[in-house]
> 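I am attaching a structure below and will ask some questions about it afterwards.
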Amino acid sequence: MRRKLVLTLTTTRGSRQIFLHQLLAWMLLIFLLMSAASFFVSNWLLVQTQDDLSTLERDHEDLNEQYQLLMGTQRLYISELDDLSESLSTLSANNSRLAKENALMGSSLSDLEARLGLTEQVSEQSLEQRIEWAQMAARQRLSLLHSIPNGVPIEAEQINDSYGMRMHPVLKRRKMHNGMDFKADPGTPVYATADGVVEYAGYRKGSGFGNLVVLQHNFGFKTYFAHLQKVLVKSGTFVSKGQKIALSGNSGRSTGPHLHYEVRHLFRPLNPAPFMKWGLDNFEHLFTEIEEVPWESLSAMYPLNQAELQ
């Protein structure tokens, strides 16, 4: 007969016998149930944890993308700020340069107005009006300076004889000298002192001038260039102020190499000295120095006094 361990439980209701193998069976059953429950709970928790981890990983990736986007945006902002700073620096430099140029232009314009005699007339005018007046006055003066002889016709060593009465070096008697004699080596360039047309170019017999160039200019003015070595222009051709027209020499009635230069208005010889000194800086001086020319009729077409421009 097999031995059995019997557990007797006695209560007020009576006694009850429980065999040990039955208790173990219940305990095993409970253990299996608890293990199964623990397994399912653990799996459920593991699944939930994995889901949470996946969610966290996705959130991490999203945050990383947003961080990279923010970093890229920040770098873009920094680059744009650098460009803006550089543009502002360039703009500041340009403003400084423009301010200096405006100041320089204002100073240059004031100097030009002073040379043109427009200081009083433009004192209350705008910058645009001042520039317009200066341009108009400059065009007028330059037009006259190109039309009426002015300046020196040759780079000479010295002036031997001036305009006026003198003892003629060849005839040995007092005689009117209608021009100025410039001492110069043969072959020295001779230049036109105003725009014009060549009236005569060649050897003038019986005049004592030798090789001669006569230029006809606007408003009845003429210039004579005598005792030339070589003539470089032809009769009837047009010449411009400053153009080389001949080479100085010793032809004709002459005692040495030089250029004889005359300024005439119609048929009357004029003193060349005021014409040689005439320019923008003393523009009004010629019209008071040379009294033989009726400047009043010319001023009706070209206002010689700049105050009349107003």
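Excluded from the calculations below are hydrogen atoms, water molecules and symmetry mates; all remaining heavy atoms, backbone and side chain alike, are included. Remember, it's a predicted structure, so these values are computed and weren't measured experimentally.
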> Using 0.5 Å steps for rounding, measure from the CD atom of E289 to the CG atom of L270.
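Taking CD in E289 and CG in L270, the distance rounds to 11.5 Å.
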> Write down the atom of S147, the atom of S143, and the distance for their closest heavy-atom approach.
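Between these two residues, the closest heavy atoms are OG-O, 2.8 Å.
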> Is the count of non-hydrogen atoms from other residues, nucleotides or ligands lying under 6.0 Å from E155 atom CD greater than 12?
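No - once you tally the heavy atoms of other residues, nucleotides and ligands closer than 6.0 Å, there are 12 at most.
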> Got R268 and L266 here, is their nearest side-chain heavy-atom distance under 4.5 Å?
no
> Say whether F209 and Y200 are linked into one hydrophobic cluster, either directly or through other cluster members, by side-chain heavy-atom distances under 4.5 angstrom.
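Yes, F209 and Y200 fall within the same hydrophobic cluster.
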> Looking at every non-hydrogen atom in both residues, tell me the closest pair between M176 and N178 and how far apart they are.
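Shortest heavy-atom contact: CG-OD1, 3.3 Å.
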> Rounded to the nearest 0.5 Å, how far does OG1 of T223 lie from CD of Q216?
10.0 Å
> Considering only heavy atoms from C-beta outward, does the side chain of V152 approach that of Y261 to under 4.5 Å?
no
> In chain order, what residues pass the salt bridge (Lys or Arg N to Asp or Glu O under 4.0 Å) check against K183, with sequence neighbours excluded?
none
> L144 and F219: which non-hydrogen atoms are nearest, and at how many Å?
CD2-CE1, 3.8 Å
> Please examine the side chains of F182 and P153, heavy atoms only from C-beta on, and report whether any two atoms are closer than 4.5 Å.
yes
> V214 and I154: same hydrophobic cluster, using ILVMFWY side-chain contacts below 4.5 Å?
no
> List for me each residue that meets salt bridge (Lys or Arg N to Asp or Glu O under 4.0 Å) alongside R264, sequence neighbours excluded, and say none if there are none.
E262
> Could you check whether any side-chain N or O of H227 sits under 3.5 Å from a backbone N or O of S248, counting only pairs where one atom can act as donor and the other as acceptor?
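Looks like no, no N/O pair under 3.5 Å.
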> In sequence, state the C-alpha distance, the side-chain angles, and the governing distance for K277 and H285, and then conclude on side chain to side chain contact (heavy atoms under 4.5 Å, CB included).
CA-CA 9 Å; K277 298 176 183 178; H285 182 68; 6.0 Å; no
> With hydrophobic residues grouped by side-chain heavy-atom distances under 4.5 Å, do I159 and Y163 end up in a single group?
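In one cluster: no.
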> State plainly whether one hydrophobic cluster holds both I148 and L145, where clusters connect Ile, Leu, Val, Met, Phe, Trp and Tyr through side-chain heavy atoms under 4.5 angstrom apart.
yes
> Hey, mind stepping through M276 and M180 against side chain to side chain contact (heavy atoms under 4.5 Å, CB included) and telling me if it holds?
CA-CA 11 Å; M276 291 167 51; M180 301 188 74; 3.4 Å; yes
> Say whether V293 and L286 are linked into one hydrophobic cluster, either directly or through other cluster members, by side-chain heavy-atom distances under 4.5 angstrom.
yes
> Counting only heavy atoms from other residues, nucleotides and ligands, does the tally under 6.0 Å from CD of Q158 exceed 12?
yes
> Are H265 and F221 close enough that their ring centers fall under 6.0 Å?
yes
> Please tabulate, one pair per line, all N/O donor-acceptor pairs under 3.5 Å involving side-chain atoms of residues 237-246, not counting sequence neighbours.
| from | atom 1 | to | atom 2 | distance (Å) |
| --- | --- | --- | --- | --- |
| T237 | OG1 | K234 | O | 2.6 |
| K241 | NZ | N150 | O | 3.0 |
| K241 | NZ | N150 | OD1 | 3.0 |
| K241 | NZ | T193 | O | 3.2 |
| Q243 | OE1 | S240 | N | 3.1 |

> Is it the case that over 12 heavy atoms from other parts of the model lie below 6.0 angstrom from the CE atom of M34?
no
> At their closest point, which heavy atom of P149 faces which heavy atom of W278, and how far apart are they?
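Closest approach of P149 to W278, heavy atoms only: O-CE3, 4.0 Å.
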> Verify side chain to side chain contact (heavy atoms under 4.5 Å, CB included) between L228 and L259, making sure each step is shown before the conclusion.
CA-CA 7 Å; L228 303 171; L259 170 69; 3.8 Å; yes
> Using every non-hydrogen atom in the two residues, find where H217 and D195 come nearest and quote the distance to one decimal.
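Smallest heavy-atom distance, with atoms named: ND1-O, 2.8 Å.
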> Start with the C-alpha distance between Y191 and F225, add both sets of side-chain angles, then the distance that settles side chain to side chain contact (heavy atoms under 4.5 Å, CB included), and finish with yes or no.
CA-CA 9 Å; Y191 304 99; F225 306 83; over 6 Å; no
> What closest approach, in Å, do L215 and A192 show between heavy atoms, and which atom pair accounts for it?
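Closest approach of L215 to A192, heavy atoms only: CD1-CB, 3.7 Å.
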